[in-house]
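Reminder, nothing fancy here: chain letters follow the sequence lines and each chain counts from 1.
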Amino acid sequence: MFREFRAEVEAALADALAARGLPTDDLGIEEPPEDVPATLASSVAFRLAGEVGAPPPEIAAEVAEAVDPEGYEYLARVDSQGPYVNFHAGEAYLADTLVAAQDGEYGRLPDRDTSVVVEHTSANPTGPVHVGRARNPILGDAIARVLDFAGYGVERHYYVNDAGRQVAVFTWAYETFDESDLPKPERDRADYDLVRYYRKGNQFLEDADPEEVEAAEAEIESIMRGLEAGDDETYERVERVVDRVLSGMRDSLERLPAEFDAFVKETEFIRDGSADDVVDRLKDTEYAVYEEDAWQLDLSAFGIEKMLVFLRSDGTTLYTTRDLAHHEWKFANYDAAVTVLGEDHKLQADQLKAALEILGNDTDQLSHAIYSYVNLPDGKMSTRRGTGVDLDDLLDEAIVRAREEVEKRLDSRIRDDELDEEDVERIARQVGIGAVRYDIVSKQPTKAITFEWERALDFEAQSAPYVQYVHARCCGILEEAESRGIDVGAIEFGGGEAAADLDPSVLDAPEERDLLRTIARFPAVIEEAAEDLEPHVVATYTREFAETFNAFYRECPVLAAEDERRRDARLALVNASRATVANALSVLGVEAPTSM
RNA sequence: GGGCACGUAGCUCAGUCUGGAUAGAGCGUCGGACUUCUAAUCCGACGGUCGUGGGUUCAAAUCCCAUCGUGCUCGCCA
């Protein structure tokens, strides 16, 4: 209801100002501090002081007087406090919020009939996913979920780099080295198995005799040429390695979970000729220059000083050339495209956008979500060098520690439900993985993260379990209600005749009203997170929500409420809370346990 | 060196885009609350030159300029 209320406030204030011939371009609508009872406020009086020639408090009082709440559904009262105009929501605001949030899909915004392709992760298929890379799928998946919940038609794509030097090196190494020369794999899975060849190959290229290296390089180059020429046999050799490594990486990603609608291969854009088509079209533009036998793009008109080579002197395309074809394909098939990238790809992303514009595309369709890398306290993670923490190890450790916490609490449980081994397993997994995911998704993407075990696996407040616990509490109350024969789903609202009819106005405790007001804001939080591609605002919201709910939980007994009307209203409020926190967690990709 | 990001309590972070009411949380420290719908919870105390210096403004953590520190980047790699 917050979004509706905000729209009413804007309209009412603009009307009042316009009627007095005052400018309405900046209404100064803001959320007041916590101790101010209003739902929204305006600081417009400051700006009008010069215009009107009166002190702001005087103007604020006048404006408050001039705004007419008549005819609005939720705007009940307007007053002023010092220089601020305060807007108060009426009973209908809270009552309608309570009703709306009974819907299990509460917070989902109306369908926008707009398709968005979210490309994320797209890690080179060279080995197991490590924690340094894990921010991408966690952020990317959350962005996809937020957009979906905000009413977009979302597809998730993983762009597979199966045409670059790295996979050529990999293919050569796989075909060259013998398993008996390799260390034991860290796990019994394809990506852990094959990465040994990749590491061995890279090590060889660094350390071996120059002659041997030269021979190896010749082989690697022939693989790259074969790919470029669309040679089927080479393609099959490479795919044999790529597909197997990728299947292992997918297993890791699915644990987060991060799943994809499509794995789009770079080689597709070579084989269907679209990369060549891009080259031909770029050559004809005024930005194209032929220097040192290579075709390049002068992007200085776009504020980019670095030249973009789009065709090598040997006539082969580059990653970016193929990515241009890839993006034109996205533009042809979707209304919008979002790509989640590490900050090290920032320049490349800018070049890509400029080149797409030169090719005549509307680049407003393309947004990049850029995040900073996750480093270890003593340096970078690298698949090639084998430094870094594998995502699987982090998730395993998280589950082990979560399990210890569950077991530690088993004895002291007040609640007399019996958790069996299956429950313990489930809770450990939900909490452990949720904690890792939440830790990463709750921070601004631009901020660098240094990975530390203890911090990533801290289950205390401001973590996933803190929020998950609220959900479990809601479920506990609702379950208890059901077991006492109260049909929460059948509680009806306002004006009905049954005794169980619910009257939201009995929710008059400050904790109840705070909770409803917080629930009312949820759809606006989704809207903001989707617009800015910043799911961390949803995480911030879940914390505020959990705090507000816990205050309610402390002060307002539900099942032991003084009378039935109050009990039923509170049950509805718990039901609304459950839907809100469940959906907020779902948007973050964090599971919501029904018991903990 | 050029470009881009980041710098808020001892530590980890919200708030910055869109300037506005005494700058908010958590961890840690100290002190309290379980015969109660789950204590992975709650309540209280302590803790801040919002990197620094200028500027714009009635008003700056927020905008502009400079500066310091950190990270990323500046391949016919991806």
Which atom pairs, donor and acceptor, lie under 3.5 Å between side-chain atoms of residues 529-540 of chain A and protein residues at least two apart or in another chain?
from, atom 1, to, atom 2, distance (Å)
A:Thr540, OG1, A:His536, O, 3.1

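Note on A:Ala294: a base of the nucleic acid sits closer than 4.0 angstrom, heavy atoms only. Contacts of A:Ala560 with the nucleic acid, taken as non-hydrogen atoms under 4.0 Å apart, are absent. Contact annotation for A:Tyr373: no contact, since no heavy-atom pair falls under 4.0 Å across all strands. Using a 4.0 Å heavy-atom cutoff across all strands shown, A:Leu27 reaches no nucleic acid atom at all. Across all strands shown, A:Leu318 has heavy atoms under 4.0 Å from sugar-phosphate atoms exclusively, and none from any base. Base contact: A:Ala41 has a heavy atom under 4.0 Å from a base atom. Using a 4.0 Å heavy-atom distance criterion, A:Ser313 is classed as a base contact. Residue contacts shown for A:Val470 are absent, as no nucleic acid heavy atom lies under 4.0 Å away. Looking at heavy-atom distances under 4.0 Å, A:Glu547 makes contact with sugar-phosphate atoms alone, never a base. Nucleic acid contact for A:Lys447: base, since at least one base atom lies under 4.0 Å from a heavy atom of the residue. Residue contacts shown for A:Cys475 are absent, as no nucleic acid heavy atom lies under 4.0 Å away. Counting non-hydrogen atoms under 4.0 angstrom, A:His536 reaches the backbone sugars and phosphates but no base. No engagement by A:Val574 is indicated, since no non-hydrogen atom pair under 4.0 Å with the nucleic acid exists. Across all strands shown, A:Thr316 has no heavy atoms under 4.0 Å from either base or sugar-phosphate atoms.
For A:Asp323 against B:A78, a side-chain-to-base donor-acceptor contact under 3.5 Å is absent. With hydrogens and angles ignored, no donor-acceptor pair closer than 3.5 Å exists between the side chain of A:Glu405 and the base of B:A40. Side-chain to base pairing of A:Ser372 with B:C72: no donor and acceptor N or O lie closer than 3.5 Å to each other.
In this structure, A:Arg543 does not reach the B:A25 phosphate: none of its side-chain N or O atoms is under 4.0 Å from OP1 or OP2. A sub-4.0 Å separation between OP1 or OP2 of B:G75 and a side-chain N or O of A:Gln348 is absent. Distances shorter than 4.0 Å separate some side-chain N or O of A:Arg312 from OP1 or OP2 on B:C77. Between B:C72 and A:Tyr371, no contact under 4.0 Å exists linking OP1 or OP2 to a side-chain N or O.
Note on A:Arg3 versus A:Glu528: no salt bridge recorded, every NZ/NE/NH1/NH2 to OD/OE distance being 4.0 Å or above. Salt bridge status for A:Arg429 with A:Glu425: absent, with no side-chain N to carboxylate O gap under 4.0 Å.
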Open item on the list: Both atom distances under 3.5 Å, Watson-Crick or G-U wobble: I'd like the secondary structure of RNA chain B as a dot-bracket string, with | for pairs made across strands.
Closed with: (((((((..((((......[...)))).(((((.......))))).....(((((..]....))))))))))))....
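Rounded to whole Å, the P atom of B:G31 lies 40 Å from the corresponding atom of B:G71. Only the C1' atoms considered, B:A59 is 13 Å distant from B:C63, to the nearest whole Å. Nucleotides B:C77 and B:U56 are separated by 45 Å at their C1' atoms, to the nearest Å. For the P atoms, the distance linking B:C50 with B:C74 amounts to 36 Å, nearest Å. With C1' as the reference atom, B:G15 and B:U22 are 16 Å apart, rounded to whole Å. Comparing the P positions of B:G48 and B:U8 gives a spacing of 15 Å, expressed to the nearest Å.
In this structure, A:Glu51 CD and A:Ile59 CD1 are separated by 9.5 Å, a value rounded to the nearest 0.5 Å.
Judged by centroid separation below 5.5 Å and plane tilt below 30°, A:Tyr84 does not stack onto the base of B:G20. Stacking here means ring centres nearer than 5.5 Å and ring planes tilted less than 30 degrees, and by that measure A:Phe46 stacks onto B:G20.
The side chain of A:Asn86 lies closest to B:A21, out of B:A21, B:A39, B:A40.
Closest of all the heavy-atom pairs between A:Glu268 and A:Phe263 is OE2-O, 4.4 Å.
In this model, a donor atom of one side chain and an acceptor atom of the other lie less than 3.5 Å apart for A:Glu228 and A:Thr317.
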